[in-house]
Every structure is written in C-alpha cells, then in structure tokens.
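What follows is a single structure, written as structure tokens, with notes after it.
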Amino acid sequence: MAEKSASTRVVRRQLMAILESADWEREWNKLAGGNPAQNLISPLFTALFSIQETIHWRAVTCMGGAVLSLAHSGLEPARVVMRRLMWSLNDESGGIGWGAPEAMGEIMARHSGLAAEYGSILCSYVVPSEGPDNYLEYAPLRLGAYWGIARLAQARPGYVQPSLQDLENALGDESNPSSLVLICLTLARLEGLCSKTASILQKLSSRDDAVRIYWDQAFVPMNLGTQAANALRRHQP
C-alpha cells in the first residue's frame with residue numbers, strides 16, 4: 001500500500017508540473033503513455049480542484065483522455081469515474097465537486113457510450129425542477145455544468161437535444177454573461193428553437209458583454225452579443 005501511495009504522489013507531482021508547462025499536451029501524452037490510465041485518475045481529480053485556472057482546465061481535458069483510455073478496456077472502470085464525479089456534486093459527499101460537470105462533459109464528448117448513459121444527468125444539473133438532488137443551486141458549479149453541456153453538444157449534439165426546452169428556459173432565467181454565452185454555444189448546435197427563445201437571442205445579440213471561455217483547449221475571448229447572433233442565425237431559414 002505504501003509503495004502504491006508513493007507512486008501516486010510521484011505521478012501527481014509530475015502531472016502538476018506538466019499542466020503548468022507551455023508544452024503540456026506533448027508532456028501529458030508522454031505521461032499517459034507511460035502509465036496505466038487508472039493510475040492517472042486520482043492525480044487528475046486533485047488537479048481539477050486547483051484554484052489555478054490553467055491547471056484546472058487542462059486537467060478537464062486530460063481527464064477526458066484518461067477516461068477514454070479506461071473505457072477502451074471496458075466501460076465499468078470508466079463508469080466508476082463518472083459515478084465518482086457525480087458523487088462529488090452530491091451534498092452528502094461533503095465536498096463541492098469543482099470541475100466535475102466540466103470533466104463529465106469532456107469525457108462524454110469523447111465517448112458515445114458514456115454520453116448515452118450519462119448525458120441526461122449532466123443536463124439535469126441546470127434544471128430547477130429536478131430538485132436539490134440534481135439542480136446545482138451554486139452558480140459557479142452551474143456555470144461548470146453549462147460548459148460541460150456545451151462541450152457535449154459540440155461533439156455529440158444528439159445527446160443534448162432532448163434537453164432543448166430546459167436550455168431555452170435557462171436562457172431566459174440566467175443572468176451571468178458566461179453562462180449565457182455557453183447556453184448560446186449549445187443552442188447553436190441544437191434543432192428547433194421556439195419563437196420565444198429566438199426573441200431572447202435577438203435581444204441578447206445587442207449585448208456587448210465580453211467573457212473568456214476555455215474552448216478547444218485554449219482560453220478564448222467571446223462576446224455575448226456575437227454568440228447570441230450566431231445561435232439565432234443557426235435557426236433562421
């Protein structure tokens with residue numbers, strides 16, 4: 001047991017150094033290639049909790065790759081990680097679950113089988129009617145869920161499509177510009193917006209809120225008005 005713990009500590013130190021480095025993708029691939037995916041999961045959970053923005057978001061990306069590798073040898077080990085992420089968002093866990101919905105979205109963007117099983121659960125985190133067992137009342141956590149949903153919609157929109165109405169409702173209910181940008185990114189990839197949502201997007205298209213979103217493995221400046229207009233254009237004849 002002591003030997004195993006020491007190995008985990010070594011991997012954790014290596015991972016943290018990698019996630020801070022400029023050449024993190026190449027170094028991560030070397031680390032992942034030299035270690036069983038299972039050995040990377042606990043260090044990645046630690047990195048998800050980092051207050052350093054760069055480490056946190058790169059850990060989200062790497063968690064997706066590590067769980068994809070796990071799933072190649074059988075879905076059950078990957079399901080264990082998904083359940084651990086879900087548990088971290090439960091009040092009974094005693095934690096906060098930082099990074100959990102983002103990691104869930106990244107994992108499901110990479111694996112359709114896991115998306116089929118857990119996509120609806122991720123989407124339920126932004127639906128007030130789902131109640132306290134699912135709805136993330138804490139806005140920063142809910143922001144992470146919007147990112148995870150947008151990431152899933154980017155890769156596999158069919159698994160988010162059933163939640164279209166819930167996301168349309170969220171567009172009218174949320175006020176945080178980053179959340180609104182992420183909802184717009186999602187809606188631009190779905191089918192069949194209602195006229196009320198189109199009207200909201202039209203109003204939002206005149207907004208000039210500037211935000212910074214981690215997207216395609218980089219921090220990207222985005223404008224709320226631009227993203228609302230893009231979503232609206234996607235649904236116009």
Side-chain angles (χ1 to χ4, degrees), residues 41 45 48 60-61 63-68 70-72 74-93 95-174 176 178-194 196-197 213-215 231 234-235:
I41 299 300
F45 265 98
L48 284 179
V60 168
T61 297
M63 182 68 87
V67 177
L68 179 63
L70 277 182
H72 285 159
L75 274 184
E76 192 52 35
R79 290 185 182 115
V80 169
V81 177
M82 294 297 283
R83 290 195 289 266
R84 183 175 170 185
L85 289 165
M86 291 161 55
W87 170 250
S88 73
L89 294 168
N90 191 310
D91 288 342
E92 296 178 8
S93 73
I96 296 181
W98 292 122
E102 298 98 307
M104 290 175 66
E106 181 66 31
I107 290 165
M108 290 187 286
R110 297 182 184 227
H111 195 282
S112 61
L114 294 171
E117 292 186 30
Y118 298 100
S120 61
I121 295 174
L122 176 62
C123 291
S124 75
Y125 291 142
V126 301
V127 183
S129 62
E130 291 291 335
D133 289 339
N134 277 71
Y135 179 62
L136 299 177
E137 293 186 3
Y138 187 44
L141 271 186
R142 197 164 64 252
L143 176 62
Y146 285 124
W147 188 94
I149 293 167
R151 177 69 180 99
L152 177 56
Q154 180 188 32
R156 307 180 190 280
Y159 293 109
V160 180
Q161 184 67 43
S163 299
L164 171 62
Q165 185 175 347
D166 294 325
L167 291 164
E168 289 180 307
N169 292 339
L171 187 70
D173 293 340
E174 294 287 353
N176 180 280
S178 293
S179 294
L180 292 171
V181 164
L182 290 165
I183 295 169
C184 289
L185 284 171
T186 302
L187 293 178
R189 290 167 170 82
L190 304 184
E191 302 289 342
L193 293 189
C194 70
K196 179 181 178 182
T197 300
I213 302 292
Y214 183 77
W215 201 245
R234 167 70 176 77
H235 294 275

Shortest non-hydrogen contact from [X] to [Y]?
X: Pro77; Y: Leu70; answer: O-CD1, 4.0 Å
X: Cys184; Y: Ala231; answer: O-CB, 3.6 Å
X: Leu152; Y: Ala109; answer: CD1-N, 4.1 Å
X: Ser178; Y: Asn176; answer: N-OD1, 2.8 Å
X: Val67; Y: Ala78; answer: CG1-CB, 3.8 Å
X: Ala100; Y: Leu89; answer: CB-CG, 3.9 Å

Rounded to the nearest 0.5 Å, how far apart are [atom1] of [X] and [atom2] of [Y]?
X: Tyr138; Y: Leu143; atom1: OH; atom2: CG; value: 11.0 Å
X: Ile183; Y: Asn169; atom1: CD1; atom2: CG; value: 10.0 Å
X: His72; Y: His111; atom1: NE2; atom2: NE2; value: 6.0 Å

Just distance, no hydrogens or angles: give the donor-acceptor pairs under 3.5 Å from side chains in residues 115-123, sequence neighbours left out.
unit_1, atom_1, unit_2, atom_2, d
Glu117, OE1, Arg79, NE, 2.9
Glu117, OE2, Arg79, NE, 3.2
Glu117, OE2, Arg79, NH2, 2.8

side-chain contact (heavy atoms from CB on, under 4.5 Å) partners for Ala145, two or more places apart: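 With sequence neighbours excluded, Ala145 shows a side-chain contact (heavy atoms from CB on, under 4.5 Å) to Pro101, Tyr125, Val126, Leu136, given in chain and number order.
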How would you list, by chain and number, every residue that makes a side-chain contact (heavy atoms from CB on, under 4.5 Å) with Pro162, sequence neighbours excluded?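 Here no residue qualifies.
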Evaluate the side-chain proximity of [Y] to [X]: yes if any heavy-atom separation is below 4.5 Å, no if none is.
X: Leu167; Y: Val160; answer: yes
X: Leu171; Y: Leu180; answer: yes
X: Met108; Y: Met82; answer: yes
X: Ser88; Y: Trp98; answer: no

Test Met104 against every option in Ile149, Leu85, Leu114 by the side-chain contact (heavy atoms from CB on, under 4.5 Å) rule and name the one that passes.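 Considering Ile149, Leu85, Leu114, a side-chain contact (heavy atoms from CB on, under 4.5 Å) with Met104 is found only for Leu85.
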Show every donor-acceptor pair shorter than 3.5 Å between a side-chain atom in residues 185-193 and any protein atom, with sequence neighbours excluded, or say none if there are none.
unit_1, atom_1, unit_2, atom_2, d
Thr186, OG1, Leu182, O, 3.0
Arg189, NH1, Leu185, O, 2.8
Glu191, OE2, Arg234, NH2, 2.6

Pairs flagged by salt bridge (Lys or Arg N to Asp or Glu O under 4.0 Å) wherever residues 147-163 is involved - sequence neighbours left out: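 Those involving residues 147-163 are Glu106-Arg151.
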Could you pull out all residues at least two apart from [X] that satisfy side chain to side chain donor-acceptor pair (under 3.5 Å)?
X: Thr197; value: Glu168
X: Tyr146; value: Glu174
X: Thr61; value: Tyr214

